[in-house]
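All values derive from a computational prediction rather than experimental measurement. Below, chains carry the letters A, B, ... as their sequence lines are ordered, and counting in each starts from 1.
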Amino acid sequence: MEDRYAPAVIEPKWQKYWEENGTFVAKRTAGKPKAYVLDMFPYPSGDGLHVGHPEGYTATDIVARHKRMLGYDVLHPMGWDAFGLPAEQHAIKTGTHPRATTAKNIDNFRRQLKSLGFSYDWSREVDTTDAKYVRWTQWIFLELFKKGLAFQQSDMPVNWCPALGTVLANDEIVDGKSEVGGFPVERLKIRQWSLRITQYADALLDGLEGLDWPETKVKQANWIGRSEGANIDFAIDGHDAILTVFTTRVDTLAGATYVVLAPEHALVDRIVTADRKAEVAAYVAQAAAKSDIDRSDMTREKTGAFTGAFAKNPINGESIPIWIGDYVIATYGSGAVMAVPAHDERDHAFAKKYALPIVAVVDTAKGETPDVSAAAFTDDGLASAAAKARSTCPIEVGEPSDKVRARITAWLVEQKRGAGKVTYKLRDWVFSRQRYWGEPIPIYFPVECKGDPREKGAEYTVRYDQPIAVDDAELPLRLPDLEDFKPGTDPAGPLARAVDWRFFQKDGAWFARETNTMPQWAGSCWYYLRFLDPHNEAAAWSKEAYDAWMPVDLYVGGAEHAVLHLLYARFWHKVLKDLGHVSDAEPFTKLVHQGLILGEDSAKMSKSLGNVVNPDSVVKSHGADSLRMYEMFMGPLEAVKPWQTTNIEGVARFLDRVWNVATGKITDDPAAYDIETKRAVHKCVKKVGEDIEGLRFNTAISAMMILVKQLGQLASTTGVPREAIRSLVLVLAPFAPHLAEEAWERLGGKTTLAYEPWPAFDPALVVDSEIEIGVQVNGKARASIRIAADADEATAKAAALADDKVKSFVGDKPIKKVIYVKGRIVNIIV
RNA sequence: GCCGAAGUGGCGGAAUGGCAGACGCAGCGGAUUCAAAAUCCGCCGAGGCAACCCCUCGUGAGGGUUCGAGUCCCUCCUUCGGCACCA
């Protein structure tokens, strides 16, 4: 046969057609429903597309194409999250400007995505490194700055590696040395820009409630880590200073037998007694030398040092020792805890080690006194007699913990010794990087100097305490071109070396630009908004464009972005809402994470394991439609699943069969479109439509396979009814668009099928009039009978009892009961 | 340790509380062919039975609810993902 299925011919043909005809340019028509279907845009790495990318992208493409056929206006855009470390590192190694590397990688990614036939509106493509995009990222930053949500802090200790000239993330450090090169790392407090995300902690937590998101919601809630408790003030013997601790277990206050401060706590130096000074100083020094990772190793034995000072437990006036210990986190709560060893595991371990008293104040829920000599009793329970005896606040013995908490908190408020307090794990977001390849932060500072600060050896002081926003008219603030991208010995970053860019004169005074850049998250925080109106030069987006498309109806991307990207983007969106720039509280209505695709060996795909599958080679060997089909047929979208090359053959064979049926013997004889065939077609149409809605693409494909098998049998006899094959081609179109377009054309289609109405199904045709149902005897399946689908119980019972096999199992035993579920089962109990 | 998801044939996976294993891969047998590839058709959980029929067992383990459980409840085991001294 000459006319074989040839993806290598028809795929480029239709990609060209779509491009030339602007088939997927998004247009909004008043009165029509809309769908904003969004992928997480990729970082265009030098390695090109990975098979994991087309998984999510095919899923959204199917949804987008389906929605168009259902008459929706669809916005389905794509772009590039193109700032980032790899291009910069490549620049350091080779001297190639990151802009050049990025442009090349983007071209490759675009080519690859186009070869897969995704129905993106390419006229809306955005690139986060494009000055026209950066201009608006900087604008949003200034909106945050003007609202007081972007601020500088200098007390954030970071991991600074002088040899590498850069700040390292915690996981880039091994045994206190840099992972690369093994150079020493210092804990250094560097001036950083931060965003006040903590101010939105409650809004971000509460906003999760109405979202159609997976378990990601739980992760974000854990990350925000809201916990309700109280701040309690402890007076310090012989000092004016007050020591505040945060606790969620106010009810155990009477059992607090000592207090522990973080080694970094500001009071440590003031309260330490002379005889303890040396020991405490040594302890503080060794704690400071440890990285965050070492500090948080839970298996480590707890250590500490006694300060010599005592605090007064406000509930009973007892003097209890003040210790320092690095198991207390300086940056959480107030950096100090009251230790209740009887009811907290960590305090218990510490008390055991340093022989501190353990006093139980909570009985079990059954009213028994727990044995706390070996382990802490950490559950809620009932106030014990000891609790009452040790407390000036009136407590009833046997009162449940939550009641006791409320009572003591109220008492503390009354005594002005504390108050209810909500604390979060979420920290403010460190928003500056000492890198080149990122958005310049559009801020400058006055410079105090004699003469020109650009001169070698010039002495100057940058007044970082007086940040000034770059004027809107001067945006975008572009990156200077550098020859040398290496980070230097200056924690200010490589931009500090571009002195002609950094320093400028205005009205006779010198100023210095901020030399830190934004983190990679910045561009991805708002790209979904730029897609609405990508060519707008007067604003980041217009209100009309916003109202036309937002919010995002479906957002698909990897679970690795469950917390950071998705939380940061929600944060910006909420700020923009408060500033009146957007009108929805939440940007992403429905979120789905595609599952990881593993290598053929069920291990994570990686270059070192040599199990990486390249989409280009699959397109070459089997075609884009087969790749798309296979990735959807592998299993549920959200599941982690291994790649199996032989399984592509299965879907490729299926597409081949579709081709043969669609280009084979077709009949327009109405008699050939018999009821059986019609039923099969309508069932398939129904199932595929419903499965796309539910993102169950694997079972949708299975339904199409069943239909094709049935139609294939007609091909060699009467011929396939044209209407049947047209319906099949339409439901297949979102999955295998190239093949579908080609078949559609050959079946008489005059134009693209992209906007052809989705076929309707007749509900009467999708239910069989006569069906086979199971018959159970005593709950065990014994036979099956054919009866009318709507048969009543008496009929079904009679039919079941008439069956020979049923008879043999029932025998002459009396029938106690018959259960009949219409269309499902008959169960005879004897 | 805590939070979340998941455990079903040789493999990927289907199953509103109602005949477990749809669909596909691999395998086996057949048709076609000079032959092969491709294609088409059939078989394909385990055990028992000379054999068809048929019977027994079977969805990580153990208990429970139910006429009926892969599905719901309890306990446990394993794998994966996340968080991890957050008071």
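Here the rule is ring-ring contact (aromatic ring centres under 6.0 Å, His included) with A:Tyr568, and of A:Trp223, A:Trp521, A:Tyr200 only A:Trp521 fits it.
When rounded to the nearest whole Å, the span between CG of A:Asn778 and P of B:rU56 equals 12 Å. Going from atom CZ of A:Phe654 over to atom P of B:rC23 covers 13 Å, rounded to whole Å.
Sequence order on RNA chain B of the closest nucleotides to A:Lys604 and A:Phe633 puts A:Phe633 first from the 5' end.
Using a 4.0 Å heavy-atom distance criterion, A:Pro636 is classed as a sugar-phosphate-only contact. In this structure, A:Arg226 reaches neither bases nor backbone, as no heavy-atom distance under 4.0 Å exists between it and the strands shown. Across all strands, A:Phe350 comes closer than 4.0 Å to no nucleic acid atom at all (heavy-atom distances). Among the atoms of the strands shown, none is found under 4.0 Å from any heavy atom of A:Ser716. Looking at heavy-atom distances under 4.0 Å, A:Asn698 makes contact with sugar-phosphate atoms alone, never a base.
B:rU59 and B:rC72 have their P atoms separated by 15 Å, given to the nearest Å.
Considering only side-chain atoms of A:Asn222, the nucleotide from B:rG18, B:rC3, B:rC23 that sits closest is B:rC3. Considering only the side chain of A:Ile819, B:rC67 comes nearest among B:rC67, B:rC23, B:rG13. When distances run from any side-chain atom of A:Thr646 to the nucleotides B:rC57, B:rG18, B:rC25, the shortest one goes to B:rC25. Nearest to the side-chain atoms of A:Arg653 among the listed nucleotides B:rC67, B:rC25, B:rC11 stands B:rC25. Here B:rG4 is the nucleotide among B:rC19, B:rC40, B:rG4 with the atom lying nearest to any side-chain atom of A:Glu215. Residue A:Lys641 places its side chain closer to B:rG13 than to any other of B:rG13, B:rC85, B:rC54. The side chain of A:Ile829 lies closest to B:rC67, out of B:rC85, B:rA14, B:rC67. When distances run from any side-chain atom of A:Lys817 to the nucleotides B:rC41, B:rC67, B:rG18, the shortest one goes to B:rC67. In the set B:rA87, B:rG81, B:rC57, B:rG81 carries the atom at the smallest distance from any side-chain atom of A:Lys219. Distances were taken from every side-chain heavy atom of A:Lys425 (C-beta onward) to each of B:rC23, B:rC83, B:rG18; the shortest belongs to B:rC83.
Salt-bridge formation is detected for the pair A:Asp380/A:Arg249: a Lys NZ or Arg NE/NH1/NH2 atom is positioned less than 4.0 Å from an Asp or Glu carboxylate oxygen.
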Notebook entry, point to check: Would A:His622 and A:Glu649 count as a side-chain contact (heavy atoms from CB on, under 4.5 Å) if you check the C-alpha gap in whole Å, the side-chain angles of each, and the deciding distance to 0.1 Å?
Noted result: CA-CA 8 Å; A:His622 294 89; A:Glu649 307 287 344; 3.5 Å; yes
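Look at B:rC25: its Watson-Crick or wobble partner, with both distances under 3.5 angstrom, is B:rG10.
If you check the side chains of A:Thr663 and A:Tyr5, you find no donor sitting under 3.5 Å from an acceptor.
For a distance-only test at 3.5 Å, the side chain of A:Gln776 qualifies as a donor-acceptor partner of the base of B:rG18.
An OP1 or OP2 oxygen of B:rC54 is reached within less than 4.0 angstrom by a side-chain nitrogen or oxygen of A:Lys805.
Taking 4.5 Å as the limit, every side-chain heavy atom of A:Asp803 sits out of range of all side-chain heavy atoms of A:Val775.
Judged purely by atom type and a 3.5 angstrom limit, A:Arg679 uses its side chain to pair as donor or acceptor with the backbone of A:Val767.
Shown here, B:rG47 is classed anti by the O4'-C1'-N9-C4 or O4'-C1'-N1-C2 angle, which is more than 90° from 0.
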